[in-house]
Every structure is written in C-alpha cells, then in structure tokens.
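In what follows, chains carry the letters A, B, and so on, assigned in the order in which the sequence lines appear, proteins first and then strands, with residues in each chain numbered from 1. What you see is a predicted model; the values in this text were computed from it and never measured. Every heavy atom of this structure was used, including side-chain atoms; hydrogens, water molecules and symmetry mates were not.
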There are 2 protein chains.
Amino acid sequence: MNKEDIKEAGLKITKPRMRILNILESSAQKHFSAEELFHILSNEEDNSGIGLATIYRVLTQFEAAGLVIRHNFEGGQAVFELDSGEHHDHIVDMKSGKIIEFQDEIIEKRQEEIAKQHGYRLIDHCFILYAEPLED
Amino acid sequence: MNKEDIKEAGLKITKPRMRILNILESSAQKHFSAEELFHILSNEEDNSGIGLATIYRVLTQFEAAGLVIRHNFEGGQAVFELDSGEHHDHIVDMKSGKIIEFQDEIIEKRQEEIAKQHGYRLIDHCFILYAEPLED
DNA sequence: CTCAGTGCAAACTATTTGCAGATTT
DNA sequence: AAATCTGCAAATAGTTTGCACTGAG
C-alpha cells in the first residue's frame, strides 16, 4: 500500500504525495513527466491546487527513496515511473511517443562484461532504443 | 581537411567554425561541452571573442550536417564529439568524469533484434554505462 | 554587394529554491 | 507544539533566439 511506502521513506503522508503515488500506481500509462502529473492533478474534481514545484520535490524525494525512477529520454522533460523492482529498459516509439518496456538478459550480461573488460564496476546504465513501427 | 567539411555542409568558412572543428579534431580529449569549448577559445592568444551562443549554433549546425554527435550524459550539459563514422558507445567514469569509448557487436546486433521483436525499426539508441574503476 | 554569420542581451524550458503560512504527527 | 511540507514567486542552468552589425564569397 502506498501509505506505507511513503512512511518507510521517512516522509509524512500528505495529499500531494498520496495523489502522485496513486496516479503512478493505478494508471494504464506508466511513465509521466512532472508536467503531465501537474495537469492530471489540476483537472481532478477535488482540485487541491498542488503546485508544479511540489510535484518536482515529491518526485525527487521518491527517487531518493527508491520509489520511482527518473528517465531522461530525449525531448526535454524527464519522465518518472514507479520502481517495480524489476529492472527493464525502454523502447521509445518516435511515432506515437509510446514507451515500451523490455527485459533482456543478453544485454544485461554483456554490459557487465564490457565494464569489467575496461576495468570498471557498473554503477548504472542507460539503454534506450528510439524506434518507429515497422509498418509505417 | 576541415575546411572541406564545413563547405560540404553548406556553411561558410568562418573563424568560429574553423576553431571549433580544429579543437574537436586535434585534441587528446574527444568530448567537449559547449562551455568547455567556450573557455578554451576564450583563453586562446588570438582571442577573437567568440560567444557562447555562437558555439551552440555552430555545434547544432555541425550536428545537423553529421559532423558531430551530441550526447546527453547525465550532469546537465550536453557533450559533443566529432562523428568519426565509426559507431561506438560510452562508459562514463563516475570517479574522474573520463569517457571511454567502446564498440560491441553483441550489443549492436541484439538491440536490432529486440526492436524487431517488438515490431519496430531502430532509428537511434542510447547506450551509456556509468561505472567506477575496479580498484577504488 | 548580398546574404549568411556573429555577438550580445533577452527569451525560454525544465527544474530548483527561499520563504511564510499550512499540515502532519 | 514541533517539525515537516506546501504554494507561490523568484532563481538557476543550459540552451536558443531576435536583432543590428560584421564578414565571407
């Protein structure tokens, strides 16, 4: 339950934090920019006037707490998704903007090898495929 | 020769463009941010007062012409490198900030397969390993 | 001579921060 | 009540743009 997640992060349970976590958890869409969240929240009936700055602050706190992951896809705005614990990478559909997730053992294994070959220990990686549908 | 490259891009041969291309071509370092180039140019004896805006403009034109590649590594500033024609990916040394280039057939092949599996044609990709030296 | 290119300052976009008042515990 | 949190506006960082002037061809 999301209340627990917030509490475990050492954060107080507030309306903005609940709302944001809720949207992230219960939407078909999984990736949101701060501004998208802002617009969704602004259009809710129970509009509580949550500011954009707060959304950024909450997302940054959630990121630090390991609740969400921030991605810097191209196109200016960062997008955030819930950290499901299952690592995956992304295909960005350049036609529709849709984001597809995938997991690939070959890539995961290979990147470790590459890092090691060069005398490094992998900390993080960024693997994004920008692509267009085969039948245009 | 770089004059040719500039001309072929349909651009006039100007001091800022020559200087920038020169630095990119003849430095040990291969990756530069706009600001780094700005500082290098500002410190040259023959300081011709090249503005930061010009550097951004020139780099953007060079990118459009296929002369340079722009990378958005994490840490705010974009970095630019000459497009040698040989595709490669990068390891970013989080300790020193150094950038290591590598080529890997397994990764290249695999990403094509992944895109195809999902019904996509690969347009571009971003593969960056953030890592630290093994012996800290 | 003409049109592209440049420097500068101002504009912009995405994000962060300071502060005084509102909320959570 | 104490401490955290929030909204707002102002600040920042990186990059882009408008404009009058300069310079390449």
Subject >> Result of checking A/D124, A/I123, A/I114 against B/L129 for side chain to side chain contact (heavy atoms under 4.5 Å, CB included) >> reply: A/I114
Subject >> B/I20: which of B/I40, B/L37, B/I6, B/V68 passes side chain to side chain contact (heavy atoms under 4.5 Å, CB included) >> reply: B/L37
**OP:** List the protein contact pattern of nucleotides 11-18 of chain C with one symbol per nucleotide (5' to 3'): B for base contact, S for sugar-phosphate-only contact, - for none; contact means a heavy-atom distance under 4.0 Å.
**Re:** ---SBBBB
Subject >> A/K95/A/E132 salt bridge by N-O under 4.0 Å criterion >> reply: no
Would you kindly give the [atom1]-to-[atom2] distance between [X] and [N], to the nearest whole Å?
X	N	atom1	atom2	result
B/I55	C/dC8	CD1	P	11 Å
A/M18	D/dT4	CE	C1'	17 Å
A/I50	C/dT23	CD1	P	12 Å
B/R19	C/dG5	CZ	P	18 Å
B/L37	D/dG14	CG	P	15 Å

Subject >> With B/E25 via side chain to side chain donor-acceptor pair (under 3.5 Å) - residues at least two apart >> reply: B/N2
**OP:** Kindly write out the residues that satisfy side chain to side chain donor-acceptor pair (under 3.5 Å) with A/D83, not counting sequence neighbours, or none if the list is empty.
**Re:**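 By the side chain to side chain donor-acceptor pair (under 3.5 Å) rule, A/D83 matches no residue at all.
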**OP:** May I ask you to list the residues of residues 5-16 of chain B, by number, that have any heavy atom positioned under 4.0 Å from an atom of DNA chain D?
**Re:**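 B/K12, B/I13, in order of number.
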Subject >> Residues which pass salt bridge (Lys or Arg N to Asp or Glu O under 4.0 Å) with B/E8, listed by chain and number, not counting sequence neighbours >> reply: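 Per chain and number, B/E8 pairs via salt bridge (Lys or Arg N to Asp or Glu O under 4.0 Å) with no residue.
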Original post:
Can you list the residues that meet the salt bridge (Lys or Arg N to Asp or Glu O under 4.0 Å) rule with B/K30, with sequence neighbours excluded?
Top reply: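 Scan of B/K30 (salt bridge (Lys or Arg N to Asp or Glu O under 4.0 Å), adjacent residues dropped) gives B/E101.
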Original post:
Does A/R17 put a side-chain nitrogen or oxygen below 4.0 Å from OP1 or OP2 of D/dT6?
Top reply: yes
**OP:** Report the relative orientation of the aromatic rings in A/H31 and A/F73; use parallel for angles under 30°, tilted for 30 to 60°, perpendicular for over 60°.
**Re:**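 Ring orientation of A/H31 relative to A/F73: tilted.
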